[in-house]
2 protein chains.
Amino acid sequence: MSIHQMAAFADTATQLHPLVFPSAQVQPISLYGGDSEIYGQGEQAGALYQIEFGAVRLYRLLADGRRQISAFHLAGEVFGFESGDTHHFFAEAICATGLRVIRPAHGADLSRQLLPLALKGLVRAQEHLLVLGRQSALERVAAFMLDMAERQGGLETFDLPMSRTDIGDYLGLTIETVSRIISQLRARGIIRLKTLRTVELLKPNALRDISE
Amino acid sequence: MSIHQMAAFADTATQLHPLVFPSAQVQPISLYGGDSEIYGQGEQAGALYQIEFGAVRLYRLLADGRRQISAFHLAGEVFGFESGDTHHFFAEAICATGLRVIRPAHGADLSRQLLPLALKGLVRAQEHLLVLGRQSALERVAAFMLDMAERQGGLETFDLPMSRTDIGDYLGLTIETVSRIISQLRARGIIRLKTLRTVELLKPNALRDISE
DNA sequence: CGAGATCTTGATCTGACTCAAGAGTCGTGG
DNA sequence: CCACGACTCTTGAGTCAGATCAAGATCTCG
């Protein structure tokens with residue numbers, strides 16, 4: 001999608017999962033190209049971001065460049081809330097992405113709205129700990145495919161907006177291992193790739209069996 | 001500590017980090033022996049728990065028994081808040097533990113008090129994702145030792161209330177690997193074990209170098 | 001002091017990583 | 001519309017960190 005197409009789309013975009021933020025200033029949609037930074041670790045926090053279209057990765061880096069993506073966020077989801085007043089992570093658009101920026105009015109109390117989001121994120125992160133700590137490469141990729149399918153409406157065909165490198169950095173695997181496992185799932189007739197980034201689930205239950 | 005000693009201590013225990021929960025019923029301290037369940041996955045949630053003394057593990061299980069401890073909680077900390085109305089994890093006392101149970105009054109809104117705790121937990125969990133996804137066994141154990149030391153006041157000597165098995169299930173390692181790494185840190189003069197569960201940091205900066 | 005649990009150490013194995021080519025895909029410009 | 005070039009993805013061969021299997025050693029507590 002070109003920047004021009006993005007701008008045209010943004011004009012007509014509707015708020016997918018409307019959030020009621022009283023006494024907060026909801027700005028028009030900001031556009032981000034692929035691989036562009038939304039905020040960086042250490043930056044001043046404060047705004048919230050709701051994804052209108054596109055996808056976002058949140059990640060941390062080690063000094064030597066090792067990267068762990070802690071979460072992907074898709075259309076409709078909200079991110080950007082922090083503990084303390086600075087960001088603990090990097091946020092980047094994965095592909096062409098439109099964000100609705102919400103800047104709470106000074107002194108406004110959004111805890112009622114944010115608590116459910118924070119708790120949801122906490123459960124998600126803790127479940128991901130189980131994947132990274134205790135599951136095999138095959139189990140990780142299977143669980144990832146199911147998660148992406150469910151978050152895109154549960155259809156049998158869905159997109160992977162992110163690269164194999166991103167998937168590896170999310171699952172704690174190398175790009176080669178991710179690729180090998182995808183090939184294996186393909187060879188076993190469990191998934192089919194319509195394109196490199198479009199997956200068709202042929203046997204979703206086989207994936208469920210694998211990921212336990 | 002026997003149950004009698006626990007009871008005697010509980011009578012005089014003070015609330016370490018008092019939380020103000022208006023319109024919530026704060027009950028007397030409940031006592032738990034080592035390895036006793038506080039709540040289970042799927043149980044009705046609702047109460048909050050503040051640790052007066054002792055330590056707690058939160059964990060999830062896979063069908064075949066693999067376990068991932070998502071967090072340890074020490075004296076003064078609060079746990080038990082959930083997304084939705086059922087628990088997503090198991091909570092167990094690690095050793096003799098006293099808990100102050102807080103049951104919010106029906107309809108009470110604690111989001112203002114809980115949001116900072118949930119956000120803190122979220123950052124903690126996401127940082128732990130980096131450890132599990134991208135760090136070596138040596139880096140994991142080093143980071144764990146530093147974390148435990150800091151959370152017990154930053155002294156050079158601190159306790160490990162949990163077993164090697166617990167540490168392994170928290171760090172995504174086997175008990176043998178944890179033991180080997182501890183032996184290696186000992187051989188390098190970085191730590192000393194006063195007892196099996198009491199660690200003395202001889203070179204905390206060496207640990208910091210290892211864990212980056 | 002003794003028995004069971006917990007922890008340590010050794011030997012071997014293996015799943016995932018690393019290094020190294022190739023193949024495929026996609027956007028660009030002629 | 002096609003051809004080029006760069007990037008992403010796949011596949012193969014060899015290696016290694018951590019798992020597994022198997023004893024021992026040490027600790028704890030009755």
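Proteins come first, then strands; the chains are lettered A, B, ... in the order of their sequence lines, and each starts at number 1.
Here the closest non-hydrogen pair linking A:Ala91 and A:Leu58 is CB-CD2, 3.5 Å. The minimum heavy-atom distance linking B:Leu119 with A:Glu82 is given by the pair CD1-O, 3.2 Å.
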Review point. Step by step, would you call A:Glu43 with A:His87 a side-chain hydrogen bond (donor to acceptor under 3.5 Å, both in side chains)?
Key: CA-CA 5 Å; A:Glu43 279 183 20; A:His87 286 294; 5.8 Å; no
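For the pairing with A:Tyr39, the ring-ring contact (aromatic ring centres under 6.0 Å, His included) check across A:Tyr49, A:Tyr59, A:Phe81, A:Phe90 returns one residue only, A:Tyr49.
With rounding to whole Å, A:Ile94 atom CD1 is found 16 Å from D:dT8 atom C1'. When rounded to the nearest whole Å, the span between CG of B:Asp64 and C1' of D:dT20 equals 15 Å. D:dC27 atom P lies 16 Å from atom NZ of B:Lys194, rounded to whole Å.
Applying the side chain to side chain donor-acceptor pair (under 3.5 Å) test to pairs two or more places apart or on separate chains, those with a residue in residues 131-141 of chain B are A:Arg66-B:Glu139, A:Asp169-B:Arg134, B:Ser136-B:Glu139.
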Point to revise | Base versus backbone protein contacts along nucleotides 7-17 of chain C [heavy-atom cut-off under 4.0 Å; B, S, -] | key: SBBBB----SS
